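Below is one structure, written out as structure tokens, with a few remarks after it.
Each ligand, and each atom within it, is numbered from 1 in the order the structure gives. The shown structure was predicted, so the numbers you read here are calculated from the model rather than taken from an experiment. When a residue number appears, it is its place in the shown sequence, counting from 1.
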Amino acid sequence: MKKALVLMLIALIAVTSVFAQGGSEAAASVVQNKDKPLVFFNRQPSDPVTTEIDMETMNWNDKTYYVGFDAVGGGVVQGQMIVDFLAEADPAAIDRNGDGVIGYVLCIGDVGHNDSKARTQGIRQALGTWAGSTDPGVAQEGSANVGGTTMKVVELDSRAMTGTDGSTWNANAATDAMGNWANQLGDQIDLVISNNDGMAMGCLQASNYPTGVPIFGYDANADALEAIAAGRLTGTVSQNADAQAAATLQTLRNLLDGLTGADVYTKGFTEPDQYGNKITPEVNYEADEKALLAANEAVTIANVQNLLSGARDAGIKQSSAEVKNVLLTIYNSADNFLSSNYLPALNYYAPLMGINLTVVQGDGQNESSCLDRFTNLNSFDAYAINMVKTNSGPDYTSRLQY
Ligand code: BGC
């Protein structure tokens, strides 16, 4: 009897120790937040003044990437689109007061955002008004070929377009500014240029918008494309939000599936991934910035019909991928581009790629509006971040430390 009891005890100890081992193995296999995929999108971790990339944030772990588009190239495309338009324009019709000068006003957007800076620079360089700075009001006299005649170009005014609540890229601020410009500058204004469609559409909302004055935006939002087709907006640039949203999710998917090295930015991009999905538009990888970048395309009346259908990418189909939970932040729920263009694309592609998104949207001015809901981090498999300020990377990574 005593022997049986001892044997039972020994057996019990053995079983307990197996359980204990199993338990500790399971604990070790739980991925810590600091080792999970982290993808920044649309607002590249960078210095708001110098635009230098914040490589410390980008090197947070080997699963940290940025997905965006070629910002500098986009500024060049926008500038070229305006120059091409002027080259075909009738000088007598476009120079409204006949003073031989093409006067333009410029909506900048966010002086601390590298997309905004790249566009200001691209426009000023194309028109010869670049004076070495992307700041509001810093421009020199330029010149352009207008229908075969070289004419002077002057930047009459430029403004950041900060809302009364402090938010950037603010369309209402653009409506107000346009109203004032139309009153104060009258027919000196021959062109209106905006670094995004939200502000361009805001300008067109001004009740005294000078009828027929050409106006350019950026983003190819649905309402802007319709305005181009209707002849109200002259041109915009597509930064291919659809491809960027799909690329953000594809990068997360690849990392969640354990891909490493070049597979992270080739599978589903330059070749099909294991589920047979492949994003159709070009998305290029910039190794020095750990960035996947979509291309830009000028959109005018000549090609707007190709984009108006809003068709999604047929290269992405329903997959059998295991469902993973991703926490995604958006800096401002009121941002026209993100809410009307980017987020609908994310919501379309996420279920196809087996990604269950939890979206947190901020107020566009305080990082805390996103950070306060960047919580419950252990329940997510990966994170996708669109920061309020481009230099807030460490505020997010520090939360993932443990
Ligand atoms: C877009 C803007 C948008 C901003 C938000 C830019 O790339 O062109 O319209 O407001 O991103 O970060």
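- If you check each of N114, D219, N196 against atom 1 (C) of ligand 1, the one with the closest non-hydrogen atom is D219.
- The only member of L292, T251, I385, I330 that meets side-chain contact (heavy atoms from CB on, under 4.5 Å) when paired with F41 is I330.
- Just one of N303, N240, N306 meets the side-chain contact (heavy atoms from CB on, under 4.5 Å) condition when paired with E297; it is N303.
- Of the protein's non-hydrogen atoms, the one nearest atom 6 (C) of ligand 1 is D115 OD2, 3.4 Å.
- Considering only non-hydrogen atoms, atom 4 (C) of ligand 1 lies nearest to W169 out of F41, Y218, F69, W169.
- For the residue pair M178 and C203, the shortest heavy atom distance occurs at CG-O, 3.5 Å.
- Put simply, the residue from V326, N325, L252 that forms a side-chain contact (heavy atoms from CB on, under 4.5 Å) with L357 is V326.
- Atoms of ligand 1 lying under 4.0 Å from at least one heavy atom of Y331, given by number and element, are 5 (C), 10 (O), 12 (O).
- When only non-hydrogen protein atoms are considered, atom 10 (O) of ligand 1 lies nearest to D335 OD2, 2.5 Å.
- Here the shortest heavy-atom pairing between Q44 and T390 reads O-CB, 3.5 Å.
- Counting atoms of ligand 1 from 1 in the listed order, those under 4.0 Å from a heavy atom of R119 are 1 (C), 6 (C), 7 (O), 8 (O).
- Ligand 1 places these atoms under 4.0 Å from at least one heavy atom of Q239: 1 (C), 6 (C), 7 (O), 8 (O).
- Nearest approach of S143 to T150, heavy atoms of both residues: CB-CG2, 4.1 Å.
- Heavy atoms of Q44 found under 4.0 angstrom from ligand 1: none, in either backbone or side chain.
- Among protein heavy atoms, atom 11 (O) of ligand 1 sits closest to N42 ND2, 3.0 Å.
- Here the closest heavy-atom approach between residue L293 and residue F69 is recorded as CD2-O, 3.6 Å.
- Residue-to-ligand polar distances place R43 within reach of ligand 1: an N/O pair is separated by less than 3.5 Å.
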